[in-house]
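Data first, discussion second: the structure below is written as structure tokens.
First the proteins, then the strands, lettered A, B, ... as listed; each starts at 1.
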Amino acid sequence: MINFSYTIWILIIPIFMFLLLGLLGMKFKPIISGVLGTIGLGVVMLLSYYAAYQYFFQLPRIDDAYQQILAHNITWLNLSASLQIKMGVFIDPISVMMLVVVSTVSFMVHLYSIGYMKGEKGFQRFYAFLSLFTFSMLGLVVATNIFQMYIFWELVGVSSFLLIGFYYERPSAVAASKKAFIVTRFADLGFLVGILLLSYYTKSFDFLNITGPVGIEVTRNLTQTFLGMSVATWALLLIFMGGAGKSAMFPLHIWLPDAMEGPTPVSALIHAATMVVAGVYLVARLFPLYSFAAPDALTVISYVGGFTSLFAAVIACTQFDIKRVLAFSTLSQIGYMMLALGVSGYGGEKGVGYMASMFHLFTHAMFKALLFLGAGSIIHAVHSNYMNEMGGLRKYLPITHLTFLIACLTIAGLFPLSGFWSKDEILVAAYEHNMLLFWVEYLVAGLTAFYMFRLYFRVFWNKEPHYHHKPHESPLVMTIPLMFLAVASIFTGFLPFSKMITSDRLPFETETNLMVAIPSVAIGLVGILIAFLLYKKDNTRVEKIVKGLGGVYTTIYNKFYIDEVYMFVTKKIIFNLISRPVAWFDRHVVDGFMNGIAGVTVLASRKIKGAQSGQLQHYAFFFVLGAIAFALIFIYLWQ
Amino acid sequence: MERYGIPLEGFLVISTAMFFIGIYGFLVRKNLITMLMSIELILNSVNINFVAFNSYLFPENMQGNFFALIVVAIAAAEASVAIALIINIYRRFSSIEVEDIDEMKY
Amino acid sequence: MNLDQFLIMRHELLLIGVVLLLLIAEVFSKSEKKHFMIPFAIILFLLYTIVGFLPAKTGVLFGGMYQTSELVILFKNILNVAVFIILLQSASWLRKDINHERISEFYIILLSSLIGMNFMISAGDFLMFYLGLETATIPLTALAAFDKYKNKSAEAGIKFILSSALSSGILLFGLSILYGTTGSIYFTEVAEKLVASPLLVLGFIFFVSGMSFKISLVPFHFWTADVYEGAPVNVTSFLSVVSKGAAAFIFMVILFTVFKSLSNMWGDVLYLLSILTMTIGNLFAMRQKNMKRFLAFSSIAQAGFILLGIMGASELGMTSVVYFVLVYVFSNLAAFGVVSVISDKTGLESMDDYNGMYRTNPKLSLIMMLALFSLAGIPPVAGFFGKFFLFTSAASKGYYWLVLIAVLNATISLYYYLLVVKAMFINKNDTPIAKFKSTFTDRLALIICVAGIFAIGFASPIYELIRSLSFGF
Amino acid sequence: MNILALFIIIPILTIIGILSTKDHRGTRIVSAIGMGLQLITSVVLIYMFYAERNAGNHADMLFMVDYMWFESLNIHYLVGVDGISVAMIALTSVVTFAGVFASWEVKDLPREFFISLIVLATGVFGFFISLDLFTMFLFYEVAVIPMYLLIGLWGSGPKEYSAMKLTLMLMGGSALLLVGLFGIYFNSAPNGGQLTFNILEISKITIPMEAQRFFFPFTFIGFGILGALFPFHTWSPDGHASAPTAVSMLHAGVLMKLGGYGCFRVAMFLMPGAAHELAWIFIILTAISVVYGAFGAIWQKDLKYINAYSSVSHCGLVLFALLMMNETAMDGAIIQMISHGLMTALFFALIGMIYGRTHTRMINEMGGLMKIMPFLAVCYVIAGLASLGLPGLSGFVAEMTIFVGAFQHPDTFHRVVTILACSSIVVTAVYILRVVGVLLFGPVRNDEFLKLTDAKWFEKVSTVTLILAVAFIGIVPIWLSDLIRLSLKPILDQLSSF
């Protein structure tokens with residue numbers, strides 16, 4: 001038996017780093033903080049790799065299935081006789097995979113940031129937050145129960161908040177961080193209620209229980225319904241709401257583009273590779289439950305995923321901020337993953353969607369991190385986010401250019417890069433399940449290729465604007481992660497995912513479906529070609545098209561005005577129509593009533609003062625009147 | 001029961017009338033001395049009551065009569081103090097009209 | 001009169017002795033050395049007070065006209081302590097030149113009034129009761145006008161005597177009807193022969209009205225404020241503490257013994273009276289600026305609370321009333337003591353003059369605050385216990401709504417007590433009352449009061465003692 | 001000597017010590033030592049409590065002392081503690097200790113200030129250890145009245161108005177409470193026998209249902225007013241806004257907890273039947289409190305008002321959870337009391353410190369404080385995060401326990417109100433982040449502020465103490481939760497007997 005208890009260090013090291021850098025960081029030189037953080041993360045990465053190696057290659061399988069191991073599980077809080085919140089480390093295929101993803105990307109970002117963040121005020125703070133984030137994300141990944149996951153889920157949200165708002169003196173960053181937090185928080189409300197509902201029936205938070213036979217049995221047999229849907233479906237949909245918030249699914253996606261206000265390495269780590277896929281991970285975690293107890297919820301997930309991927313891809317085509325393009329691209333890709341989960345069945349071949357989703361999660365993490373880090377390198381060079389202010393950068397940034405190109409090709413799904421393999425599996429899954437969604441995804445594949453190459457050509461080719469400083473290639477500490485991730489983007493596609501990560505943890509064989517693969521590569525090429533025609537050189541074709549589209553373009557450019565709708569709802573309705581009246585009501589009605597009591601008392605006091613007139617005979621009159629009144633009352637009325 | 005040819009009710013009517021006349025006088029007369037006299041009316045109505053009750057209803061002992069005697073005595077004491085105070089008032093206010101004495105109010 | 005009788009009437013007789021001694025001393029003292037009367041009177045009274053605490057016989061005299069019990073003796077002792085404190089407080093006032101000729105006058109009249117009260121609370125029939133009542137009241141009216149060069153004092157005197165004469169008249173009319181319906185003036189006999197009839201109810205209500213005047217219950221209270229304001233401070237404190245306490249006590253005793261069989265009815269009468277008294281008293285007190293007038297209205301409201309205890313109509317109720325009076329003696333005298341000290345030294349009596357006093361006279365302000373908290377019923381001072389037991393008493397008869405109204409009224413009363421606290425502690429003042437040193441007697445009086453305010457609440461033996469002497473039905 | 005006596009004796013000794021000091025320095029040092037001792041005593045108490053429990057003493061109350069006080073009324077000075085009281089005492093010690101340091105620089109009448117503060121704390125300690133309704137009520141009032149002077153004398157803004165309002169409303173509350181207590185007392189021997197104020201004795205009998213129905217609302221609302229139950233909460237915003245720092249801390253941190261504590265220790269424990277029958281009314285009111293307070297907070301501009309409304313919301317959650325009447329929810333309610341006590345004290349401490357520097361509490365007049373006073377700003381962020389329920393800090397533990405507990409009722413009514421209450425976590429996030437965003441982040445709006453300094457050592461002591469406590473509960477909640485849980489059993493047994 002292989003002991004996984006060392007995995008706890010994967011959590012301890014980053015939190016220790018956080019405390020060290022957070023409390024004492026200011027005492028260190030910035031560079032020392034950076035190096036400390038990076039080394040810590042390096043150790044974490046190695047531990048994760050070692051764990052992955054042991055898990056997939058050394059640990060014996062039981063009945064051919066990968067084991068689910070509770071490396072640690074201590075009771076953190078007793079809630080009731082049956083419900084406890086535990087904290088622990090759960091080892092199973094997806095958690096191990098996620099460990100690898102998170103630690104790798106995090107390490108790369110740590111390393112990269114040494115260069116990127118150099119000279120920034122709050123360098124130590126940045127590293128402290130990065131460590132905190134990494135800790136939270138890893139904790140989320142290895143959660144043994146849904147409540148632990150929720151806990152780290154929240155922590156992840158906060159670290160994201162802190163990192164987006166890293167440039168706290170910039171109002172836009174503050175606003176973005178706030179927005180990110182509140183939107184995800186709103187989604188988390190759903191998650192929480194979902195957890196509460198689910199755990200009420202399953203009497204447990206533990207994944208082993210609730211996704212095990214007992215949990216499935218209980219949830220399947222729930223007869224209670226609410227508004228026509230079974231309680232189980234409600235619970236799982238609400239949980240998905242949490243996932244949708246974190247993963248920025250439509251309509252909870254609005255925070256992600258704004259989150260790009262954070263430093264670019266943060267965007268790479270949190271808003272591209274790791275945190276935003278937490279929603280996907282969550283659904284994958286509870287997949288058996290979804291699959292057996294609430295197939296309706298899965299359908300919803302697949303449509304939400306499909307719609308988001310299309311929606312975001314369309315918007316991505318019109319954006320000029322390169323990070324925003326990447327952000328919408330992320331949305332779109334996560335939509336893919338969600339869709340894949342939504343169309344997946346449980347077990348063996350039917351579970352290809354599940355496998356594909358995880359696969360795509362993995363490859364996407366690599367190439368999207370690469371894209372973001374590359375974008376960071378570009379921004380580092382030209383000090384702008386806007387592609388209009390860029391062009392012809394291939395000469396100045398050779399390494400960035402090359403790695404960026406690889407990433408673009410990967411995301412466009414060209415054979416044999418990793419993106420091709422994972423996207424292909426997703427298309428296969430959709431193809432087998434739902435033709436409508438398949439066509440949507442097929443279209444999105446083309447759009448993806450188009451907008452990525454639009455970005456690529458605008459930045460690296462096209463007309464060169466006037467640069468204030470001559471752009472120069474980033475230092476090695478930044479390009480090494482780029483190169484590493486580029487290699488990963490190229491080769492991770494060859495990993496035998498279906499042998500490792502499947503819905504029922506039993507390996508199965510997949511073969512490439514040429515009926516899907518060839519058209520998908522083809523449409524990718526078409527997308528690239530269009531982008532090439534439009535953006536390779538500076539020309540007026542784009543303007544004509546934009547003019548031709550008219551209002552449609554403006555709508556897309558303004559992201560379908562979803563932000564405005566939200567603003568309307570929050571500012572006008574919640575703030576103005578609820579909160580403000582509540583505040584007014586409180587001051588004037590409730591408090592007014594209390595003050596009114598006092599006022600009436602004072603008024604009464606003033607009104608009756610005349611009785612004490614100083615006139616003896618008035619006093620006597622009251623006296624006699626009182627006596628007679630009492631006498632009458634008690635002689636005639638009193639029984 | 002009719003003793004001395006006058007029914008008890010007769011006394012009671014008189015005494016009650018005196019009582020309320022006294023009260024009326026106290027309430028409306030403005031002169032302090034007159035008010036004091038009204039008080040005497042009230043006290044005397046009480047005396048009539050006591051004495052009448054005693055001799056008509058409970059002649060076996062003398063409680064009512066004694067009470068009346070004591071009341072008379074106390075009324076005298078009261079009147080003397082009151083008149084002293086009225087003199088004092090006259091010194092201070094140069095008036096013994098009750099309406100003028102309202103320095104303290106509200 | 002044999003020795004036994006003497007012992008039974010010890011309080012009254014000794015007190016008469018004290019008064020006579022003072023008279024004789026007055027006659028033989030030289031006119032320029034009158035202020036020696038002050039320590040003389042105080043020491044004499046102190047001795048008398050101490051003797052009062054010695055074990056005493058109880059019994060009935062004059063065929064039932066006069067009676068004492070342990071409780072009555074205890075109550076007389078409470079009154080003695082209160083008067084002793086008042087004597088201490090009045091010392092520095094009497095020492096003033098303007099009062100020089102009238103020092104013994106003050107003592108003699110005051111103590112005569114106390115004699116009346118002693119007789120009143122020892123009464124066994126209505127005659128003795130009435131006699132005591134008037135003996136207590138008539139000297140007091142003279143005392144109210146003691147500052148004869150002040151308009152207000154003269155006004156207080158005349159208002160007091162005329163109103164009190166009217167109230168006595170009405171009370172007497174009530175008594176005459178009682179006599180007419182029951183044929184007796186002895187408490188025990190009246191109680192036996194009591195049969196509810198409209199005439200009797202009329203008599204009873206008149207009696208209650210007269211008593212309400214003494215305890216100043218609304219609507220029979222109007223004289224209170226004017227007299228309290230006009231009278232010298234020490235007379236006011238005597239009126240508000242001793243006179244009111246004695247009247248409340250005998251009222252309760254008469255209700256408990258004579259009108260036992262009417263308890264349902266007088267329960268309701270008191271219900272109405274207490275609500276009126278607490279509420280109206282508070283409403284008036286809220287707006288007062290003159291400290292004496294302020295305390296007058298506050299004492300009216302306090303009387304309303306006392307009724308709650310009486311309504312308990314039980315041992316518990318009687319205990320709570322006596323206990324409350326005890327607490328009230330110390331609290332109210334502490335408050336009046338401070339007012340009196342300040343009035344003596346500066347002649348200021350308005351609440352606004354107290355602004356910022358804490359900065360200059362912290363100790364006086366603290367004592368005032370404690371006294372007011374005690375009056376408001378705030379722990380840990382004794383007033384809390386006193387009020388609590390009164391409310392317990394009312395609640396024991398199921399008067400929960402009344403208790404609620406009473407406690408809410410206590411809250412209102414807290415408001416105006418806090419106004420004084422606010423004036424002393426919080427309000428800013430450029431010219432606060434200057435720092436001054438108070439005399440020994442003033443300090444002694446205040447120390448006794450503060451000790452009482454703190455000790456009585458926590459010392460349950462006092463409560464238990466009263467409880468063991470009380471009776472109810 | 002019994003350890004509980006120390007909680008009364010130490011403050012009294014401290015007061016005597018303060019009276020004997022001559023100057024400002026001495027005063028605050030004596031206060032700090034006294035309250036430090038108090039803190040140590042409460043830690044020792046926790047230790048002793050555990051030792052006793054581990055030694056197998058499973059009596060409901062430990063360290064009981066019983067002196068007959070007013071024998072004829074059967075009033076006792078009866079004290080004792082269970083896990084809940086121990087936890088509340090620890091909370092009080094921590095907050096008082098932090099409060100002393102937060103008011104280190106009181107200039108005006110420091111001696112009087114510290115004495116009042118300690119009297120207030122004494123009242124609170126006494127309340128938590130009392131097992132006799134009379135003693136409890138006495139300490140309750142002792143705790144309330146110093147507020148008047150503390151706010152009126154050392155407060156700011158319309159302090160006199162606020163002080164008066166607060167005092168009168170709380171006293172009005174105690175009026176209701178007193179009626180309730182009398183009701184309990186006079187029904188404490190329905191089958192004849194000695195009436196009693198002893199909570200443990202009364203819990204053994206069943207108060208007649210009629211009486212319960214009548215007196216439960218009195219008692220519950222009476223305590224509820226102190227616990228800022230809607231619509232009786234309006235004293236709280238004004239009071240907090242005007243109070244000096246340490247007083248807000250103690251008041252929101254501890255005094256408001258008296259309400260919640262009383263609600264279950266007296267109202268629900270002694271009148272379980274009515275608690276079940278009437279719970280729905282109060283559940284609605286508290287659910288309104290929770291949401292209403294949170295929405296009210298969004299619109300406020302004054303830091304203290306924001307926090308006051310937030311307190312309304314959080315304290316509403318306490319009562320809400322209590323009324324759910326199951327182990328988990330009540331456990332959560334008590335954790336929430338402690339958690340809210342600590343974090344709101346932290347908030348008020350920080351607000352006081354910020355106000356002491358900027359002389360304004362209007363958030364739109366400030367901005368970018370993170371740059372000027374990073375220590376305070378970071379602490380503020382931590383407090384904010386605790387308040388919006390970040391895991392690892394105490395608020396999360398409390399809220400989650402409450403929600404899980406409230407969810408144990410499967411009927412629609414409870415579900416709806418629970419979800420309503422849950423939704424407050426979003427609204428809370430909105431107003432907390434709004435403050436953090438406007439106040440701490442963004443550009444510095446007033447150049448005058450650039451000259452301001454960061455926290456001084458005593459301010460650090462104050463805030464760090466509280467933050468440590470908040471984090472301790474947040475990270476190892478099981479310690480606190482189990483301490484409370486075992487003590488809930490008698491109450492739950494009582495409630496489930498209906």
Side-chain angles (χ1 to χ4, degrees), chain A residues 77-80 574-639, chain C residues 155 158-163 165-167 169-171 173-174 196-210 212-213 217-226 229 262 264-266 268-269 272-273 276 279-280 282-288 293 296-297 408-409 411-412 415-416:
Chain A
L77 181 62
N78 286 315
L79 287 178
S80 66
I574 294 182
F575 283 20
N576 240 342
L577 289 181
I578 298 181
S579 187
R580 195 174 174 183
V582 163
W584 183 89
F585 178 81
D586 193 66
R587 288 287 86 192
H588 294 91
V589 179
V590 181
D591 195 34
F593 181 72
M594 299 299 165
N595 282 341
I597 293 175
V600 166
T601 313
V602 172
L603 189 72
S605 167
R606 192 175 324 137
K607 286 286 170 208
I608 60 170
K609 79 167 188 183
Q612 189 85 30
S613 61
Q615 290 292 342
L616 184 55
Q617 287 174 325
H618 293 173
Y619 298 176
F621 176 71
F622 281 114
F623 187 111
V624 173
L625 192 71
I628 292 174
F630 267 90
L632 292 179
I633 290 172
F634 283 91
I635 290 171
Y636 291 107
L637 300 181
W638 192 82
Q639 299 304 315
Chain C
E155 181 178 340
I158 195 71
K159 278 184 174 166
F160 193 12
I161 189 139
L162 287 179
S163 329
L166 178 71
S167 87
I170 291 178
L171 180 134
F173 197 78
S197 66
L199 195 61
L200 186 102
V201 172
L202 181 74
F204 172 71
I205 293 290
F206 277 11
F207 166 74
V208 169
S209 311
S212 301
F213 174 86
L217 301 178
V218 177
F220 313 106
H221 71 290
F222 286 96
W223 62 280
T224 319
D226 294 358
E229 186 185 346
L262 288 181
N264 280 335
M265 187 179 83
W266 59 254
D268 288 1
V269 174
L272 277 180
L273 278 176
L276 276 175
T279 315
I280 308 263
N282 279 334
L283 288 179
F284 272 110
M286 276 169 68
R287 39 178 301 106
Q288 300 306 324
R293 204 171 171 81
F297 280 110
L408 288 175
N409 263 303
T411 308
I412 301 179
Y415 163 73
Y416 55 74

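The shortest heavy-atom contact between C:Ile205 and A:Ala631 is CG2-N, 3.5 Å. The minimum heavy-atom distance linking A:Lys609 with C:Arg287 is given by the pair CD-NH2, 3.2 Å. A:Phe623 and C:Ser209 make their closest contact through CZ-O, 3.8 Å (heavy atoms, listed as atom of the first residue, atom of the second, distance). Between A:Ala611 and C:Phe284, the shortest heavy-atom distance links the atoms CB-CZ, 4.4 Å.
Residues A:Phe634 and C:Leu272 form a side-chain contact, since some pair of their non-hydrogen atoms from C-beta on lies under 4.5 Å apart. Put simply, the side chain of A:Leu616 does not reach to within 4.5 Å of the side chain of C:Phe222, judged on heavy atoms.
In this structure, chain C has no heavy atom under 4.5 Å from any part of A:Ala598. In this structure, no portion of C:Phe160 lies under 4.5 Å from any heavy atom of chain A. Using a 4.5 Å cut-off between heavy atoms, C:Phe206 contacts chain A through its side chain alone, with no backbone atom that close.
Using a distance-only test at 3.5 Å, with no hydrogens or angles considered, a donor-acceptor pair links the side chain of C:Lys159 to the main chain of A:Gly614.
Note on C:Met286, C:His221, C:Met265: by heavy-atom pairs under 4.5 Å with chain A, the leading option is C:Met265. Considering only heavy-atom pairs separated by less than 4.5 Å from chain A, the leading option among C:Val269, C:Leu162, C:Leu166 is C:Val269. Chain A forms more heavy-atom pairs under 4.5 Å with one residue of C:Thr279, C:Leu273, C:Leu276, C:Val218 than with any other, namely C:Leu273. Chain A forms the most heavy-atom pairs under 4.5 Å with one residue out of C:Asp268, C:Leu199, C:Ile170, and that residue is C:Asp268. Contact count against chain A (heavy-atom pairs under 4.5 Å) is highest for C:Asn264 among C:Ile280, C:Ile158, C:Asn264. Of the listed residues (C:Asp226, C:Val201, C:Leu202, C:Val208), the one with the most heavy-atom contacts under 4.5 Å to chain A is C:Asp226.
When the options A:Thr601, A:Leu603, A:Val602 are evaluated for a side chain to side chain contact (heavy atoms under 4.5 Å, CB included) with C:Leu283, the one that passes is A:Thr601.
Considering CZ of C:Phe213 and OH of A:Tyr619, their distance stands at 11.5 Å, rounded to 0.5 Å.
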